[in-house]
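By convention in this document, chain letters (A, B, ...) are assigned in the order of the sequence lines, proteins followed by strands, and residues within each chain are numbered from 1. Quick note: numbers below take in every heavy atom, side chains included, and nothing from hydrogens, waters or symmetry partners.
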Amino acid sequence: MELSKNYLPTIIESKWYAHWLSKDYFSSKPDHREPYTIVIPPPNVTGVLHMGHCLNNTIQDILIRRARMQGKNACWVPGTDHASIATEAKVVAMLRERGIAKSSLSRDEFLGYAWEWKEKYGGIILQQLRKMGCSLDWDRTSFTMDAHYYASVIQVFNDLYKKGHIYRGKRMINWDVKAKTALSDEEVIYKEVQSNLYYIQYPLEEGGTITIATVRPETILGDAAICVNPHDERYKHLHGKYAIVPLIKRRIKIIPDDYVTVDFGTGALKVTPAHDMNDYQLGQKYNLEVIDTMNDDGTLSEAAQLYIGEDRFAVRKKIVSDLEAANYIEKIEAYTNQVGFSERTDVVVEPRLSLQWWVSMKKLSNPALDAVMNDEIHFHPAKFKNLYRHWMENIKDWCISRQLWWGHRIPAWYTTDGSFAVANNADEALEQLKKITKNEQLTIEQIKQDDDCLDTWFSSWLWPFEVFNGLSNKDNEEVNYYYPTNTLVTAPEIIFFWVARMIMAGYEYKLEKPFKDVYFTGIVRDKQGRKMSKSLGNSPDLLGLIDQYGADAVRFGIMIASPAGNDILFDESALEQGRNFNNKLWNALKLVTMWKGKLAKANSKNTLASIDSSTEAIAVDWFENRLNQVAREVDSLLNQFKLSEALKTLYSLVWDDFCSWYLEWVKPGFEQPIDAVVYNKTVLFFEQLMQLLHPFMPFITEEIYHLLNDQSDDLCVKHYFATKQENHEILDAGELLKRVITAIRDARNKNQIKPKDTIQIYIQTEQPIAYKKIEAILMKQVNAIHINYTSEAIPNTILVNIEKDKFFIEADKELDTVAMKEGLLKNLAYENNFLASVIKKLSNEKFVANAKPEVIALERKKQADAEARISTIEASLKTL
RNA sequence: GGGAGCAUAGCUCAGUUGGUUUAGAGCAUCUGCCUUACAAGCAGAGGGUCCGCGGUUCGAACCCGUGUGCUCCCACCA
């Protein structure tokens with residue numbers, strides 16, 4: 001079969017993915033084997049694949065494919081998250097385009113549209129994962145609003161309520177005025193903003209004024225007090241006196257409290273309990289009136305008295321000009337401050353007082369904190385333990401209600417008089433409410449379920465067990481087999497949102513950790529180090545990249561640049577490197593398959609020792625040892641989750657050791673046959689390399705595996721070969737050969753001997769046997785026609801020193817003795833300096849007295865070796 | 001404001017308990033090659049005050065202190 005000039009991934013990739021699926025290789029059932037389980041961090045059902053997913057899922061696929069090849073029962077569970085805020089926002093936007101307002105729909109009608117949308121677009125990201133080669137068990141595809149999942153969420157809510165961990169309370173919360181919903185603290189992103197600091201004079205009741213500074217002048221309509229520091233001499237005479245709020249003329253008290261900083265602004269703070277977290281706390285302390293001047297959409301309410309129904313930012317402008325007109329503004333300063341924005345809708349968050357559902361975290365968090373601190377759950381890299389501890393030790397209650405329709409509806413029912421009951425369904429709630437209200441006549445029509453939904457994370461924290469129906473069908477065979485899962489791969493950004501909470505839910509509901517290892521990936525940034533984001537437009541089109549470079553190249557590119565826990569700077573040139581690597585493999589395949597037609601008959605013994613030329617025996621022996629050595633290294637790196645390093649190591653093994661050295665060493669001369677034993681060994685090595693690489697680059701490795709040898713099995717499920725302990729003598733012999741070849745090639749280069757010009761080599765050595773063995777390879781690799789041995793220097797030749805041995809290169813060429821001398825002198829200077837530093841060390845009595853014997857022995861050897869090299873160089877200089 | 005982390009070649013990073021490290025790799029750069037697998041390639045080379053300063057030690061890229069610069073997390077002083 002004719003192989004294409006370059007590797008063409010597209011057809012090959014879809015061919016193998018379809019083949020693997022048809023063989024059911026990715027599906028897993030409990031059996032006698034050791035399980036290896038990963039649950040995917042479920043992407044938003046609205047999501048499309050971006051670089052973060054690419055990194056994250058490539059890592060998971062590497063781990064899963066490796067486990068599969070280790071003979072474990074690998075199970076990688078796919079799925080999506082209903083992502084309440086994000087999805088609801090998309091559906092609302094879609095409806096708006098069709099000219100439908102959400103407010104014109106009933107809840108059921110809206111949910112109808114939402115499900116329709118989910119069915120149509122919800123699977124896109126899962127299809128995209130197939131393109132990347134991800135070996136997920138598609139039969140297990142889960143969704144956080146599947147019927148059993150929904151039921152479990154409701155059950156957990158009921159259970160935590162019964163245990164007293166869930167309560168309903170009025171609190172200051174972060175309010176998203178666009179989505180009209182509460183946000184948890186984690187969903188607020190603070191950004192630096194250029195604001196103004198307005199200095200506003202409030203008239204004092206007894207005459208005169210007091211000036212306060214604020215960035216939010218529109219909130220003065222809700223002012224309930226002015227607060228000053230008790231020790232501030234400027235205001236001591238005003239404690240307990242009254243000031244008048246401009247424009248609306250409300251009378252407010254001046255109170256002292258340590259909270260106020262003397263040297264900020266004017267040292268006087270206006271207190272607006274309804275619209276600021278800290279002011280609210282002051283309000284509680286001094287029993288101040290809470291005047292909520294804002295509606296849920298960010299417009300001003302009746303309570304504001306002025307500008308009713310107008311937007312908060314419009315009002316800010318208006319009130320400033322009105323205050324200026326009435327001479328209340330003393331001055332306006334430019335001021336940079338941090339303002340909270342909604343993570344989902346990017347509007348300025350409004351602190352707002354509201355009645356919400358909460359989870360009390362303290363008790364739930366204790367076992368989860370311990371599990372990570374005593375390494376029952378391992379974090380990779382471990383530095384995230386600190387971060388985790390800090391958050392867990394200062395954990396605050398979790399606001400879980402969201403004013404949305406898309407999600408798990410809060411299972412609480414209310415009567416018109418405000419009584420409520422938490423239950424699994426309306427009927428149960430009715431029974432409870434009859435008792436609570438002591439009204440046996442209460443009917444189901446008279447009670448109403450809470451309109452709100454639960455925070456998305458309140459469902460995703462059950463993911464590691466509920467994908468196996470672990471709560472809805474307790475202790476079933478599957479959950480018992482697969483749980484706890486092995487590795488969670490996720491971004492450090494969601495360590496609190498999700499990781500911490502899964503650990504809590506795991507201990508609460510399974511009495512067991514949800515996973516053994518957590519691998520935190522870095523954040524994918526662009527070349528300039530900026531985070532990839534839609535608004536910056538710096539996220540590349542992943543599917544476009546896969547089309548352009550191939551999935552294997554994309555996987556390679558993203559992995560080669562991503563050390564564990566460090567951010568990765570994404571650069572398309574890494575994908576080029578990946579593509580080039582694929583091409584290199586492809587060309588090596590072309591070379592080896594070319595040999596197939598030209599096999600020399602293997603002799604009867606068919607063993608390496610029988611190969612008539614010792615040349616190939618050495619090459620084969622060396623590479624076999626090298627391959628086994630690296631296979632062990634890679635295994636150890638992967639055990640430590642050093643995936644990037646493992647890939648780099650394999651890359652170098654394939655490119656340098658296999659292609660640049662080994663294949664060149666065994667390559668037969670033009671039109672010459674290759675020994676069958678060598679050929680078979682070479683094919684075996686190539687297969688083993690493909691095995692090692694398969695988890696990283698599944699497609700090309702599978703293709704090459706089949707093209708090499710027409711195998712009936714598939715690499716995807718083939719178990720790893722057993723590695724052998726490497727022989728260091730053989731490895732050293734290989735290294736020596738490489739060194740000699742490189743040094744002679746360098747000498748050829750420096751003396752401008754054309755590649756086609758042949759040379760003769762004279763070796764002066766005490767160990768000719770070592771070189772006899774490698775003569776043939778050496779000649780081939782440096783284009784020498786003869787290798788001779790000599791006991792004395794050969795005049796008019798180029799000299800190369802390797803340790804104590806000398807190589808005299810005879811070429812049909814004028815020699816540049818000046819340059820050679822310069823080179824030798826440079827070398828000599830280096831060696832002399834080195835020797836001096838060693839001697840200095842050895843002549844230090846304290847060193848000899850204190851250092852370990854093996855360290856001293858080593859220094860002595862360094863000295864002897866350096867001295868030998870120096871005398872060799874000196875001798876060479878004399879011959880010039 | 002509180003905390004964590006990082007600083008090694010032009011770039012991205014390795015460098016295990018301090019001693020085969022006057023420091024390695026990939027990419028980029030330079031030189032020579034269209035050598036029958038591969039120019040998306042081959043061969044070779046150059047490139048570093050291990051952020052500054054001080055200390056511990058026989059010995060420091062590594063440990064300690066300090067300064068500088070960067071990144072992230074938490075808090076959110078109006």
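For A:N587, no side-chain nitrogen or oxygen approaches OP1 or OP2 of B:G41 to under 4.0 Å. For the OP1/OP2 pair of B:U20 and a distance below 4.0 Å, the side-chain nitrogens and oxygens of A:K862 include at least one atom meeting the criterion. In this model, the phosphate group of B:A43 is approached by a side-chain N or O of A:S660 to a distance below 4.0 Å at OP1 or OP2. Taking 4.0 angstrom as the limit, A:K841 places none of its side-chain polar atoms (N or O) nearer than this to OP1 or OP2 of B:C58. Within the 4.0 Å cut-off from OP1 or OP2 of B:C72, not a single side-chain nitrogen or oxygen of A:Y190 is found. Put simply, A:W655 has a side-chain N or O that comes within less than 4.0 Å of OP1 or OP2 on B:C42. The side chain of A:N850 contributes an N or O atom lying less than 4.0 Å from OP1 or OP2 of B:C58. Phosphate contact (OP1/OP2 of B:G44, side-chain N/O of A:T742, threshold under 4.0 Å): present.
The two residues A:V215 and A:N196 make their nearest non-hydrogen contact at CG1-O, 3.3 Å. Here the closest non-hydrogen pair linking A:S342 and A:V349 is N-CG2, 3.4 Å.
Base engagement by A:L269 is indicated by at least one non-hydrogen atom pair under 4.0 Å involving a base atom. Nucleic acid contact for A:E645: sugar-phosphate only, since backbone atoms but no base atoms lie under 4.0 Å from a heavy atom of the residue. Within 4.0 Å of A:D276, counting heavy atoms only, lie sugar-phosphate atoms of the nucleic acid but no base atom. Residue A:N833 is in base contact, counting any heavy-atom pair closer than 4.0 Å across all strands shown. Residue contacts shown for A:V855 include a base, since a base heavy atom lies under 4.0 Å away. Contact annotation for A:V271: no contact, since no heavy-atom pair falls under 4.0 Å across all strands. Within 4.0 Å of A:C659, counting heavy atoms only, lies at least one base atom of the nucleic acid. Residue contacts shown for A:N337 are limited to sugar-phosphate atoms, with no base heavy atom under 4.0 Å away.
For B:U71, the paired base is B:A4 (Watson-Crick or G-U wobble, both distances below 3.5 Å).
Taking atom CD of residue A:Q672 and atom P of nucleotide B:U35, one finds them 20 Å apart after rounding to whole Å. We find that CD1 of A:I753 is positioned 16 Å from C1' of B:A45, with the value rounded to whole Å.
Relative to the side chain of A:K5, the nucleotides B:A78, B:A23, B:A39 differ in distance, and B:A39 lies closest. Which of B:C73, B:A45, B:A78 sits closest to the side chain of A:D746 comes down to B:A45. Here the side chain of A:L387 is nearest to one of B:A78, B:C73, B:C42, namely B:C73. Of the candidate nucleotides B:C72, B:C58, B:U20, B:U20 has the atom nearest to the side chain of A:L858. Closest approach to the A:K750 side chain among B:C13, B:A45, B:G5 is made by B:A45 (side chain taken as heavy atoms from C-beta onward). Relative to the side chain of A:R745, the nucleotides B:G19, B:G44, B:C76 differ in distance, and B:G44 lies closest.
Looking at A:K667, its side chain never comes within 3.5 Å of a backbone N or O of A:L591 through a donor-acceptor pair. Counting only distance, with no hydrogens or angles, the side chain of A:T682 and the backbone of A:V678 share a donor-acceptor pair below 3.5 Å. Side chain of A:S644 to backbone of A:M559: a donor-acceptor contact under 3.5 angstrom is found.
With hydrogens and angles ignored, a donor-acceptor pair closer than 3.5 Å exists between the side chain of A:K584 and the base of B:C38. In this model, a side-chain donor or acceptor of A:R579 finds a partner on the base of B:A40 within 3.5 Å. Under 3.5 Å, the side chain of A:E664 and the base of B:A37 form at least one donor-acceptor pair of N or O atoms.
B:C63 sits 16 Å from B:C58 when the C1' atoms are compared, rounded to a whole Å. Going from the P atom of B:C64 to that of B:G48 covers 29 Å, rounded to whole Å. Remark: the separation of the P atoms in B:G54 and B:C62 is 14 Å, to the nearest Å.
Place A:H390 and A:Y830 on RNA chain B by their nearest nucleotides, and A:Y830 ends up nearer the 5' end.
Applying the side chain to side chain contact (heavy atoms under 4.5 Å, CB included) rule to A:N844 yields the partners A:K846, A:F847; only residues at least two apart in sequence or on another chain are considered.
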